[in-house]
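Just so you know, these numbers come straight off a predicted model, no measurement behind them. Sequence positions, counted from 1, serve as the residue numbers for this chain.
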Amino acid sequence: MSATVAEAAPVAAAQPFRLTSWQAWGLILIAPYLLIFIFFVIYPIGYGLWLARSPASYVHLAEDPIFARAVVNTLIFLIVGINVKMAIALLLSGFFTNERKWIRWLSVLFILPWAVPSIPTILSVRFMLNPEWGVVNSLIFRLTGDDGPNWLNDPSLALTLAIGVHIWKSLPFWTLILLAGRLAISADLYEAASVDGATKWQKFLHVTWPSMRTLYVTCTILSMIWTLGDFNSVYLLTGGGPADLTHVLATLGIRYLRLDQVDASMAAVVCAMPFVLPLVYVLMKRLSK
């Protein structure tokens, strides 16, 4: 009996592995997504890292004063833009919880900047800020008789306007996310707080914020990751000007591409990874809990 089992074991081990019909169909259905991911994600990232492999590219970046200015601009863009945007989104999410009919119509108009593509919306703002024939300076001249400022010719003012455009463009999306978080809070909690005599601020502090804190922090981290890759707000509004003083890391690579410095362009993108990777790690840790 034992000899028969011993002889059958090698025969069973030698049988080839065969996929079931469900496994085969699963591989067939997954294959297009894997190919798309390889060709449009893995290959571009790998090719970019290969182009930025030379240490001379990073030495060139370190010697370029525009690079240092772009790093500072990126930090300002992140610290100011994201905190202001998320704070306003939190306030507006409370405003849009009101069930008045005119607020519902206003919410439809409010979402338009995010729903419309960036090119027409941001370029329209740029045309409005034109110092000669823009609608903003024309209105200032009609009201005061004075010429308006050259909005995009001052680096600090131009970067501030780019941050404002970024906030205006992405604010509706984060407001909707936080609004969904507010609507998920049970009304019984607010009724119990009202019975205890809590004010609106106390309701927010002890009911709304504890229920939304995790969502708010997660949205803030995700917004930081997306903002690091947002070049539309700066590039379409200022083009990095004046004198390349409003560039951020997301647009600096385009500047080097225009100068036919592909290796420096890819190196500038790689230099943004120390900002992105820790945020991605923290976000994944929070989502895995």
Side-chain angles (χ1 to χ4, degrees), residues 44 66-67 69-86 88-89 92 106-144 146-177 222-262 265 268-269 272:
I66 302 299
F67 173 73
R69 182 63 180 258
V71 173
V72 174
N73 290 342
T74 301
L75 292 175
I76 295 174
F77 205 96
L78 289 176
I79 295 173
V80 176
I82 291 175
N83 285 286
V84 172
K85 172 180 61 180
M86 296 306 298
I88 296 176
L92 289 177
L106 182 62
S107 63
V108 176
L109 296 176
F110 177 71
I111 202 174
L112 286 179
W114 173 72
V116 177
S118 298
I119 293 179
T121 53
I122 298 178
L123 287 182
S124 65
V125 175
R126 181 171 182 172
F127 295 152
M128 292 169 61
L129 296 175
N130 187 281
E132 296 180 359
W133 43 263
V135 66
V136 176
N137 281 5
S138 298
L139 184 60
I140 292 175
F141 182 77
R142 290 181 182 179
L143 295 176
T144 65
D146 297 329
D147 293 332
N150 193 342
W151 299 96
L152 301 179
N153 198 41
D154 179 63
S156 299
L157 183 58
L159 183 62
T160 302
L161 290 171
I163 294 174
V165 167
H166 168 76
I167 294 173
W168 168 70
K169 191 77 176 65
S170 57
L171 181 62
F173 175 79
W174 298 113
T175 301
L176 288 177
I177 298 297
L222 184 59
S223 178
M224 292 178 69
I225 296 172
W226 288 355
T227 302
L228 281 168
D230 177 25
F231 69 94
N232 293 329
S233 302
V234 175
Y235 195 75
L236 294 177
L237 186 67
T238 69
D244 291 328
L245 295 178
T246 59
H247 275 297
V248 292
L249 289 176
T251 62
L252 190 63
I254 300 176
R255 173 182 181 267
Y256 289 122
L257 282 178
R258 295 175 62 182
L259 297 175
D260 200 21
Q261 299 176 4
V262 180
S265 174
V269 175

Response to the item:
The reported gap from CG in Leu252 to CG in Leu257 (rounded to nearest 0.5 angstrom) is 10.0 Å
Fill in: Check: Ser118 side chain, Asn232 main-chain N or O, donor-acceptor pair, under 3.5 Å
no
Worksheet item: How long is the gap from CG on Asn73 to CG on Leu245, to the nearest 0.5 Å?
Response: 8.0 Å
Worksheet item: Just how far is it from atom NZ of Lys169 to atom OG1 of Thr121, taken to the nearest 0.5 Å?
Response: 4.5 Å
Worksheet item: Looking only at heavy atoms, what is the nearest atom pair of Ala250 and Phe231, with distance?
Response: O-CB, 3.8 Å
Fill in: Heavy-atom side-chain contact between Val135 and Phe127 under 4.5 Å
no
Item to complete: State whether the side chain of Asp146 and the backbone N or O of Ile140 hold a donor-acceptor pair below 3.5 Å, judged by distance alone.
Response: no
Worksheet item: So, does Thr160 use its side chain to make a donor-acceptor pair with the main chain of Ser156 at under 3.5 Å?
Response: yes
Practice prompt. Taking the side chain as every heavy atom from C-beta outward, state whether Trp174 and Leu222 have any atom pair closer than 4.5 Å.
Written response: yes
Worksheet entry | Heavy-atom closest pair, residues Met224 and Leu78 | O-CD2, 3.9 Å
Practice prompt. May I have the step-by-step check of side-chain contact (heavy atoms from CB on, under 4.5 Å) for Thr238 and Leu161, ending in yes or no?
Written response: CA-CA 9 Å; Thr238 69; Leu161 290 171; over 6 Å; no
Item to complete: First locate atom CZ of Phe67, then atom NE2 of His247, and finally report the distance between them rounded to the nearest 0.5 Å.
Response: 13.0 Å
Fill in: Gap between atom CG of Leu159 and atom CG of Asp154 - 0.5 Å precision
10.0 Å
Worksheet item: So, does Asn137 use its side chain to make a donor-acceptor pair with the main chain of Pro131 at under 3.5 Å?
Response: yes
Item to complete: Could you tell me which non-hydrogen atom of Gly241 sits nearest to which non-hydrogen atom of Ala158, and how far apart they are?
Response: O-CB, 4.4 Å
Worksheet item: Side chains of Arg126 and Leu236: does their closest heavy-atom pair fall under 4.5 Å?
Response: no
Worksheet, complete the sentence: In short, Leu237 meets Ile122 closest at the heavy-atom pair N-CG2, 3.9 Å
Worksheet entry | Candidate pair Ser223 and Lys85, rule side-chain hydrogen bond (donor to acceptor under 3.5 Å, both in side chains), full reasoning | CA-CA 9 Å; Ser223 178; Lys85 172 180 61 180; 2.6 Å; yes
Item to complete: Write down the atom of Asp230, the atom of Ser233, and the distance for their closest heavy-atom approach.
Response: OD2-OG, 2.9 Å
Practice prompt. Keeping the roles fixed (side chain from Thr74, backbone from Val248), state whether a donor-acceptor pair exists under 3.5 Å.
Written response: no
Worksheet item: Atom CZ in Phe77, atom CG in Leu249: separation rounded to 0.5 Å?
Response: 12.0 Å
Worksheet entry | Sidechain-backbone polar pair: Thr246 side chain, Pro242 backbone, donor-acceptor under 3.5 Å | no
Discussion item. Taking CD1 in Ile119 as the centre, count heavy atoms belonging to other residues, nucleotides or ligands within less than 6.0 Å. Is the count above 12?
Written reply: no
Worksheet, complete the sentence: In Phe110, Trp226, Trp168, the residue satisfying ring pair (Phe, Tyr, Trp, His ring centres under 6.0 Å) with Phe173 is Trp226
